[in-house]
Amino acid sequence: MSGSLLRRVRVAEVERVANRIKRFRFVDVDNAPLSEFSGGSHISVVMHAGDRLLRNPYSLMGAPSDTSSYQISVLNVEDSRGGSKFMHEKVSVGTELEIGQPLNLFPPAKLAKKHVLIAGGIGITPFMSMMNELDGLHSDFELHYGVRSLEDGAYCKYLQSRYGSRVNIYRQDQGQLIPLERILGDQRLGTHVYVCGPKPMIEWSLQTAKLLGWPDENVHSEQFSAPPPGKQFLVKLARSGREVIVRGHQSILEALEENGVDAPFLCRGGACGQCETQVVACDGFIEHNDHFLTEPERVSGKKIMICMSRIQTGSITLDL
């Protein structure tokens, strides 16, 4: 299945880079070269947390051409399923993990005349590799990065030191907000804008771009989320007749995998659409947590993204 090839790596470095954010550097366990990737790519990290198996997507941050190691940053999220907590509390230098192959759902547009990058909080991570790539290509770009404070914002000093005036930092603790209307209202034709950060910031950016007349094809966004926890429910598989229990900490995809069911996936973060599955019947309310389905598709109740979404209680029958 797409995205299922795994590689064993060892943690070579762990660094606290901001409040609640750690940087992890991975190397191949046999010191073999890793795969090259492109700016904006991500990997899935497999975590064996007791009897639980978690796979969370994280953006790659280093130079795309550097095959000696991979770097990711992880925000310790409160009230999460435990993936970020596992990385912060259980993973140290020398820990061995499994990772998926690099995938890119957020690449810079090759024909863009200019690139405007809008980041909030941990949303800076995909832009780390993207800026590295754009800088090497001598492309025109600028970054607008909103942080709560310098202590909460990762890599602020590094980015300003490396890219100079192309980096603009906005500190919430000093009353500074990203002047989005001015930024998006003052760009030449052929510019593309990229947004990554908290959901409200992404929605604000997309709506502002729409109101200012930006073409949809020039506006790009990415938001990965871990599947939220919930109550246990039952999944019925229409084709095979099997029934699978989804526990409170699991996604539907994880429960299917645990029971040996081959189900489609790619990003595992609700962004790519690969795991879109037809709903045959449902006696519960579907909680759509993806970033892919349209509102009419959600309201119809006929589709679900099994990597992220669930039902509150009861059972759901899927075309699997």
Heavy atoms from other residues, nucleotides or ligands near CD of Glu181 exceed 12 (cutoff 6.0 Å):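 Open.
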query: Above 12 or not: heavy atoms from other molecules or residues under 6.0 Å from NZ of Lys114?
result: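 Atom NZ in Lys114 is crowded, with more than 12 foreign heavy atoms closer than 6.0 Å.
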task: Please name the residue in the list Met131, Met128, Met130 that meets the side chain to side chain contact (heavy atoms under 4.5 Å, CB included) test with Met61.
output: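 Running side chain to side chain contact (heavy atoms under 4.5 Å, CB included) over Met131, Met128, Met130 with Met61 returns exactly one hit, Met128.
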- request: Sort out for me which residue in Ile43, Leu34, Thr95, Leu60 forms a side chain to side chain contact (heavy atoms under 4.5 Å, CB included) with Phe26.
  value: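 Option passing the side chain to side chain contact (heavy atoms under 4.5 Å, CB included) with Phe26: Ile43.
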- prompt: side chain to side chain contact (heavy atoms under 4.5 Å, CB included) between Val91 and Phe86: does it pass, once the steps are laid out?
  reply: CA-CA 7 Å; Val91 176; Phe86 179 89; 3.7 Å; yes
If you measure from [atom1] on [X] to [atom2] on [Y], what distance do you get to the nearest 0.5 Å?
{"X": "Leu237", "Y": "Thr317", "atom1": "CG", "atom2": "OG1", "result": "8.5 Å"}
{"X": "Leu266", "Y": "Cys272", "atom1": "CG", "atom2": "SG", "result": "4.5 Å"}
{"X": "Arg16", "Y": "His88", "atom1": "CZ", "atom2": "NE2", "result": "10.0 Å"}
{"X": "Leu105", "Y": "Gln274", "atom1": "CG", "atom2": "CD", "result": "10.0 Å"}
{"X": "Tyr145", "Y": "Cys196", "atom1": "OH", "atom2": "SG", "result": "10.5 Å"}
{"X": "Ser41", "Y": "Glu36", "atom1": "OG", "atom2": "CD", "result": "11.0 Å"}

Aromatic plane relationship, Tyr194 with His220 - under 30° parallel, 30 to 60° tilted, over 60° perpendicular: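 The rings of His220 and Tyr194 lie parallel, inter-plane angle below 30°.
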Quick one about [Y] and [X] (side-chain donor to acceptor, distance below 3.5 Å, no hydrogens or angles considered), yes or no?
{"X": "Tyr58", "Y": "Ser44", "result": "no"}
{"X": "Gln101", "Y": "Arg7", "result": "no"}
{"X": "Ser149", "Y": "Gln172", "result": "no"}
{"X": "Tyr170", "Y": "His144", "result": "yes"}
{"X": "Ser300", "Y": "Glu297", "result": "no"}
{"X": "Asn289", "Y": "Ser309", "result": "no"}

Nearest heavy-atom pair of [X] and [Y]: which atoms, and what distance?
{"X": "Val279", "Y": "Gly301", "result": "CB-O, 3.4 Å"}
{"X": "Leu180", "Y": "Ser205", "result": "CD2-CA, 3.4 Å"}
{"X": "His291", "Y": "Gly269", "result": "CD2-O, 3.5 Å"}
{"X": "Pro108", "Y": "Gly39", "result": "CD-O, 3.3 Å"}
{"X": "Pro126", "Y": "Glu222", "result": "CB-OE1, 3.8 Å"}
{"X": "Gly40", "Y": "Ser129", "result": "N-OG, 3.0 Å"}

Side-chain contact, heavy-atom cut-off 4.5 Å: [X] with [Y]?
{"X": "Phe292", "Y": "Glu276", "result": "yes"}
{"X": "Phe233", "Y": "Ile252", "result": "yes"}
{"X": "Ile316", "Y": "Lys236", "result": "no"}
{"X": "Met87", "Y": "Met47", "result": "yes"}
{"X": "Leu206", "Y": "Val219", "result": "yes"}
{"X": "Ile311", "Y": "Cys282", "result": "yes"}
{"X": "Asp135", "Y": "Leu137", "result": "no"}
{"X": "Ile118", "Y": "Val193", "result": "yes"}

task: Could you tell me whether Arg8 and Glu96 have a side-chain N and a carboxylate O separated by less than 4.0 Å?
output: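 Salt bridge: yes.
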- prompt: Would you call Arg239 and Asp319 a salt bridge, using N to O less than 4.0 angstrom?
  reply: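 Answer for the salt bridge query: yes.
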Side chain of [X], backbone of [Y]: donor and acceptor closer than 3.5 Å?
{"X": "Glu254", "Y": "Ser251", "value": "yes"}
{"X": "Asn259", "Y": "Val261", "value": "no"}
{"X": "Asn218", "Y": "Thr191", "value": "yes"}
{"X": "His192", "Y": "Val116", "value": "no"}
{"X": "Tyr70", "Y": "Asp28", "value": "no"}
{"X": "Lys22", "Y": "Val74", "value": "no"}
{"X": "Arg242", "Y": "Val235", "value": "no"}

message: With side chain to side chain contact (heavy atoms under 4.5 Å, CB included) as the criterion, how do Asn56 and Val45 come out once you've worked through the C-alpha distance, each side chain's angles and the decisive distance to 0.1 Å?
response: CA-CA 5 Å; Asn56 286 3; Val45 177; 5.6 Å; no
Grouping I, L, V, M, F, W and Y whenever their side-chain heavy atoms are under 4.5 Å apart, do [X] and [Y] come out in a common cluster?
{"X": "Tyr163", "Y": "Val17", "answer": "yes"}
{"X": "Leu97", "Y": "Val93", "answer": "yes"}
{"X": "Val147", "Y": "Met201", "answer": "no"}
{"X": "Tyr158", "Y": "Phe141", "answer": "yes"}
{"X": "Ile304", "Y": "Val246", "answer": "yes"}

field: Check against side chain to side chain donor-acceptor pair (under 3.5 Å), Tyr155 and Thr125
entry: CA-CA 9 Å; Tyr155 310 108; Thr125 53; over 6 Å; no
- request: Could you walk me through whether Arg298 and Asp290 pass the salt bridge (charged side-chain N to carboxylate O under 4.0 Å, His left out) test, one step at a time?
  value: CA-CA 10 Å; Arg298 294 179 177 184; Asp290 65 277; 3.5 Å; yes
task: Evaluate the criterion side chain to side chain contact (heavy atoms under 4.5 Å, CB included) for residue pair Asn76 and Ile21; output intermediate values, then yes/no.
output: CA-CA 6 Å; Asn76 194 357; Ile21 300 176; over 6 Å; no
Partner set under salt bridge (Lys or Arg N to Asp or Glu O under 4.0 Å) for [X], not counting sequence neighbours:
{"X": "Arg268", "value": "Glu257"}
{"X": "Arg162", "value": "none"}
{"X": "Glu258", "value": "Arg247"}

- request: Decide if the gap between the ring center of Phe106 and the ring center of Phe127 is smaller than 6.0 angstrom.
  value: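 Aromatic pair counts; centres sit under 6.0 Å.
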- request: Begin from the C-alpha positions of Glu98 and Val9 and carry the test side chain to side chain contact (heavy atoms under 4.5 Å, CB included) through to its verdict.
  value: CA-CA 6 Å; Glu98 289 179 315; Val9 295; over 6 Å; no
